[in-house]
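Please read the structure below before turning to the comments.
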Amino acid sequence: MTRNGPFALTFHALVAAFMLAPLVIVCLVAFTPENTLSLPTTGVSLRWFQAVFDHSDFLQSFWNSLWLATMAATLSTAIAVPAGIATTRYQFPGRDGLNALFLSPLLIPHLVLGVALLQLFSELGAAGSFFWLVLAHSVVITPYALRLVIAALIGFDRSTEQAAASLGAGAFTVFRRITLPIILPGVAGGWLLAFINSFDELTMSIFVTSPATVTLPVRMYMYATESIDPMMAAVSALMVAVTAVAMVVLDRIYGLDRILVGRQ
């Protein structure tokens, strides 16, 4: 704060207000008692939040997204931990290529990934399967988990591992008792970040979901094309709240400054 003058602080405040204004407006509209999208001027009502919980399709889609994000984040973290250890600690042919492969979904548009995965699943006869949907989401979110695992491994003091090995501990025991507890904040942060991205994923999910596995973002998109009532604002407000809570937990466990700025 002391490095910025009044003009810089005012400019930053206006930019933040401009970015947050749509979220604030959507959350306010969710409390309207009217039947159309409008700001609550005559009173505040929770009728549209009640409508969300009375809508069985939205509830089913929420549980689909919750289970999908949980399983995909867990799978991506299970892949990211050994991949991060291998790419940060060892030198082997193809190391840079392997690292680029794991991070490549960050560079490929999700629209392209969705079309490619749809074609692949159709060829395999697995279109609409929840298991393959989990794999598809894991492909997209693994880079987020991997980046935090790598950040936790960089600068890791291996003397504790060497001490445990010199006392007779096996490789798995060293990993379970020494390595994993030390990098656990990065692993937990990577899991949470992967979970958030999986839960909010829309573009790729449109192509690979089936009527039985429709996720909440896809359900919202489908509903928005047919209706413009404030129930969409209520669902959006609930998702904002869930995401905000998850980000607070992520900040408490790992620190958003370490994720966004790279501070150690």
Side-chain angles (χ1 to χ4, degrees), residues 15 19 22 65 68-124 126-127 129 131-156 183 185-209 213 215-218 220-221 239 243 246-247 250-251 254-264:
V15 171
M19 297 178 64
S65 290
L68 173 62
T70 301
M71 296 175 65
T74 302
L75 178 59
S76 65
T77 305
I79 295 173
V81 171
I85 293 175
T87 55
T88 55
R89 292 187 172 182
Y90 303 102
Q91 296 289 339
F92 54 88
R95 171 178 172 270
D96 293 337
L98 181 63
N99 189 48
L101 175 65
F102 279 117
L103 298 179
S104 61
L106 294 175
L107 306 177
I108 303 175
H110 289 193
L111 176 64
V112 176
L113 280 175
V115 174
L117 290 172
L118 175 62
Q119 180 66 29
L120 174 63
F121 293 167
S122 298
E123 293 291 336
L124 296 175
S129 169
F131 171 76
W132 289 95
L133 183 60
V134 171
L135 294 182
H137 273 238
S138 299
V139 169
V140 174
I141 64 177
T142 294
Y144 298 100
L146 180 60
R147 292 189 66 177
L148 266 69
V149 171
I150 291 177
L153 288 167
I154 292 177
F156 184 94
I183 67 171
V187 175
W191 187 93
L192 282 173
L193 194 60
F195 177 90
I196 292 171
N197 280 274
S198 176
F199 193 91
D200 290 340
E201 172 58 38
L202 169 64
T203 307
M204 185 267 292
S205 298
I206 291 177
F207 293 93
V208 294
T209 56
T213 60
T215 61
L216 184 58
V218 175
M220 293 174 63
Y221 174 80
M239 291 190 65
T243 303
M247 293 299 290
L250 178 60
D251 182 54
Y254 194 73
L256 292 179
D257 55 343
R258 299 180 68 180
I259 299 172
L260 301 178
V261 184
R263 295 177 180 172
Q264 298 297 321

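One-based numbering along the sequence shown.
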Heavy-atom side-chain contact between [X] and [Y] under 4.5 Å:
X      : Y      : answer
Tyr144 : Ile196 : no
Ile141 : Phe195 : no
Thr215 : Leu202 : no

Quiz prompt | Step-by-step side chain to side chain contact (heavy atoms under 4.5 Å, CB included) determination, Leu75 to Leu135 | solution = CA-CA 8 Å; Leu75 178 59; Leu135 294 182; 3.7 Å; yes
Do you know the tightest heavy-atom contact between [X] and [Y]?
X      : Y      : answer
Ala145 : Ala194 : CB-CB, 4.5 Å
Leu148 : Gly190 : CD2-N, 3.3 Å
Phe207 : Gly114 : CB-O, 3.4 Å

Taking side-chain hydrogen bond (donor to acceptor under 3.5 Å, both in side chains) as the test, write out the residues that go with [X], two or more places apart.
X      : value
Gln91  : none
Thr74  : Trp191
Thr213 : Ser210
Ser205 : His137

Residues in side-chain contact (heavy atoms from CB on, under 4.5 Å) contact with [X], at least two apart in sequence or another chain:
X      : value
Phe102 : Ile79, Ala83, Leu98, Thr142, Leu146
Met220 : Phe58, Leu216, Met232, Val235, Ser236, Met239
Pro143 : Leu103, Pro105, Leu106
Leu153 : Ile85, Thr88, Arg89, Val149, Ile183

Practice problem: In sequence, state the C-alpha distance, the side-chain angles, and the governing distance for Asn197 and Val140, and then conclude on side chain to side chain contact (heavy atoms under 4.5 Å, CB included). | Solution: CA-CA 9 Å; Asn197 280 274; Val140 174; over 6 Å; no
Quiz item: Tell me, which pairs form a side-chain hydrogen bond (donor to acceptor under 3.5 Å, both in side chains) where one or both residues lie in residues 107-118, sequence neighbours left out?
Solution: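 Qualifying pairs, neighbours excluded: His110-Glu201.
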Practice problem: Please round to the nearest 0.5 Å and tell me the distance separating atom OG of Ser138 and atom CG of Leu133. | Solution: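 Reported value, rounded in 0.5 Å steps: 9.5 Å.
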